[in-house]
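Fair warning: this is a prediction, and the values are worked out from it, not measured in the lab. What's counted below: heavy atoms across the whole structure, side chains too, no hydrogens, waters or symmetry copies.
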Amino acid sequence: MEPIINAAPDDKTLIKDSDERSFAQDVIDASQEALVLVDFWADWCQPCKQLTPALEAAVRKARGKARLVKINVDQNQGLAAQLRIQSLPTVYVFKDGRPVDGFQGAVPESQITQIIDAHAGEGSGNDQIEAALDQAAQLLDAGDAETAAALYAQILQADGEEKRALAGLAQAQLKLGQPDEARALLDAVPEAERAKPPFSQVQAALDLAAQATAAGDPQALKARIEKDPDDLAARYDLALALAAAGDRAGAGDHLLEILRRDRSWNDDAARKQLVTLFEAAGPTDSFTLEYRRALSSLLFA
């Protein structure tokens, strides 16, 4: 599969020191490929020391949309004079070989990010990641978990903290029959985060898979139900086994039947299990929408 997005560039590519001899290559030529912020600074300049970390952080977060070139004016006085640098710090923004913006003084990182976004144009790293996330989700919904997993892994190479990609990769691994790998990914997420989207959906699916291991043989459970339709424990275990096999509708039908026969059975276990199924499927899934309506009709009839 061809790469959809590029991995995040390292600091040597994004941030560098330059001088009069290298200015044309580091700034003029480089600005044909990406936005270049040129930071004119000096060792004795306190505001420069405040600004530089904000510049570096904004450029790193831009993930390839922008680069930072630092010019020490004391060591490059001719270049500073040529560009009419009158106060420090001064930042010029170059695009397509020419300056398109600039500012003086220490400004917050958020303002630098706004400048980068204003001039970087379309096709930014963030745009590419969003498009790749959409594509991976579509692949997962279509049943192509293997390709989806590869694409989610690619996104994580570009942004290792992208929560949707991490959760998506875990979901893909579950569909590929790799619950241990999915659980290992989720274990790396802080516990407080696991109860929130997008991780709550994966956690619910893992819980279902774990419960199904003790559910028993589906054929034996069906035989028990045929013999005694009021064997609610058999219905419940069969629902777990069907959910683990991917038959959410079959699981939902048996859980609803338990509620019809005894709403409070086993401390409301059937309703709680349906909620877990909804969490695992996601709030907009057709199963969730249909069976949540059925549950509401049954409980509030």
Side-chain angles (χ1 to χ4, degrees), residues 3-133 154-162:
I4 304 298
I5 55 177
N6 295 320
D10 58 25
D11 275 6
K12 292 180 180 179
T13 302
L14 294 177
I15 302 168
K16 64 169 58 179
D17 293 298
S18 188
D19 55 24
E20 293 182 25
R21 290 178 299 176
S22 302
F23 186 84
Q25 178 181 346
D26 293 341
V27 177
I28 306 301
D29 295 343
S31 69
Q32 304 287 345
E33 302 175 1
L35 208 64
V36 177
L37 281 67
V38 187
D39 177 22
F40 294 89
W41 65 284
D43 284 327
W44 47 264
C45 170
Q46 289 301 316
C48 296
K49 296 177 182 179
Q50 298 173 15
L51 177 64
T52 299
L55 284 167
E56 293 178 348
V59 166
R60 289 190 184 102
K61 288 180 180 178
R63 297 191 175 278
K65 287 194 296 181
R67 302 173 187 173
L68 175 63
V69 172
K70 296 185 281 188
I71 304 290
N72 186 324
V73 296
D74 287 341
Q75 298 174 3
N76 297 276
Q77 295 181 9
L79 181 59
Q82 180 182 348
L83 294 175
R84 300 181 181 180
I85 305 301
Q86 297 179 347
S87 65
L88 298 179
T90 290
V91 175
Y92 282 172
V93 181
F94 279 75
K95 181 178 182 180
D96 297 329
R98 60 186 181 86
V100 295
D101 204 345
F103 60 87
Q104 296 177 333
V107 303
E109 180 187 331
S110 58
Q111 184 173 331
I112 300 168
T113 297
Q114 289 176 356
I115 292 172
I116 292 173
D117 289 341
H119 294 288
E122 299 180 354
S124 70
N126 286 338
D127 291 339
Q128 293 179 43
I129 286 176
E130 289 296 330
L133 283 167
Q154 210 175 90
I155 295 168
L156 288 169
Q157 287 180 355
D159 185 351
E161 297 182 357
E162 174 50 64

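With S31 contributing its side chain and G97 its backbone, the two residues share a donor-acceptor pair below 3.5 Å. Of the possible donor and acceptor atoms, one in the side chain of R63 sits under 3.5 Å from a partner among the backbone N and O of A158. The closest donor-acceptor contact from the side chain of N76 to the backbone of E20 lies under 3.5 Å.
Of the charged side-chain nitrogens involved, none lies within less than 4.0 Å of a carboxylate oxygen, so that E109 and R60 do not count as a salt-bridged pair.
Separation of atoms CD1 (I28) and CZ (F23) is listed at 5.0 Å; rounding is to 0.5 Å. The CG atom of L55 sits 10.0 Å away from the OG1 atom of T113 when rounded to the nearest 0.5 Å. Taken from NZ in K70 to CG in D26, the straight-line distance is 13.0 Å, to the nearest 0.5 Å. Separation of atoms CG (D101) and CD1 (I116) is listed at 11.0 Å; rounding is to 0.5 Å. To the nearest 0.5 Å, the span separating CZ on R98 from CD on Q32 amounts to 10.0 Å. Between Q82 atom CD and R84 atom CZ the span is 10.0 Å, to the nearest 0.5 Å.
A heavy-atom distance below 4.5 Å is found between the side chains of W41 and N72.
For I155 against E162, the heavy-atom pair with the smallest separation is CG2-CG, 4.1 Å. What you find for D74 and Q77 is that their closest heavy atoms are O-NE2, 3.5 Å. In this structure, A34 and G64 approach most closely via the heavy-atom pair CB-O, 3.7 Å. Between I115 and L35, the shortest heavy-atom distance links the atoms O-CD2, 4.4 Å. Contact record, V69 with S18: CG1-CB, 3.4 Å, taken as the closest heavy-atom pair. Summarising the geometry of K49 relative to D43, their closest heavy-atom pair is CE-O, 3.1 Å, with the distance given to 0.1 Å.
The side-chain contact (heavy atoms from CB on, under 4.5 Å) with I112 is formed by just one residue from the set D117, V59, L51, V93; it is L51.
Annotation: ring pair (Phe, Tyr, Trp, His ring centres under 6.0 Å) contacts involving residues 45-92, sequence neighbours excluded, comprise F40-Y92.
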Between K16 and R67, is the side chain to side chain contact (heavy atoms under 4.5 Å, CB included) condition met? List the steps.
CA-CA 8 Å; K16 64 169 58 179; R67 302 173 187 173; over 6 Å; no

Between L68 and D39, does a side chain to side chain contact (heavy atoms under 4.5 Å, CB included) hold up when you go through it step by step?
CA-CA 7 Å; L68 175 63; D39 177 22; 3.9 Å; yes

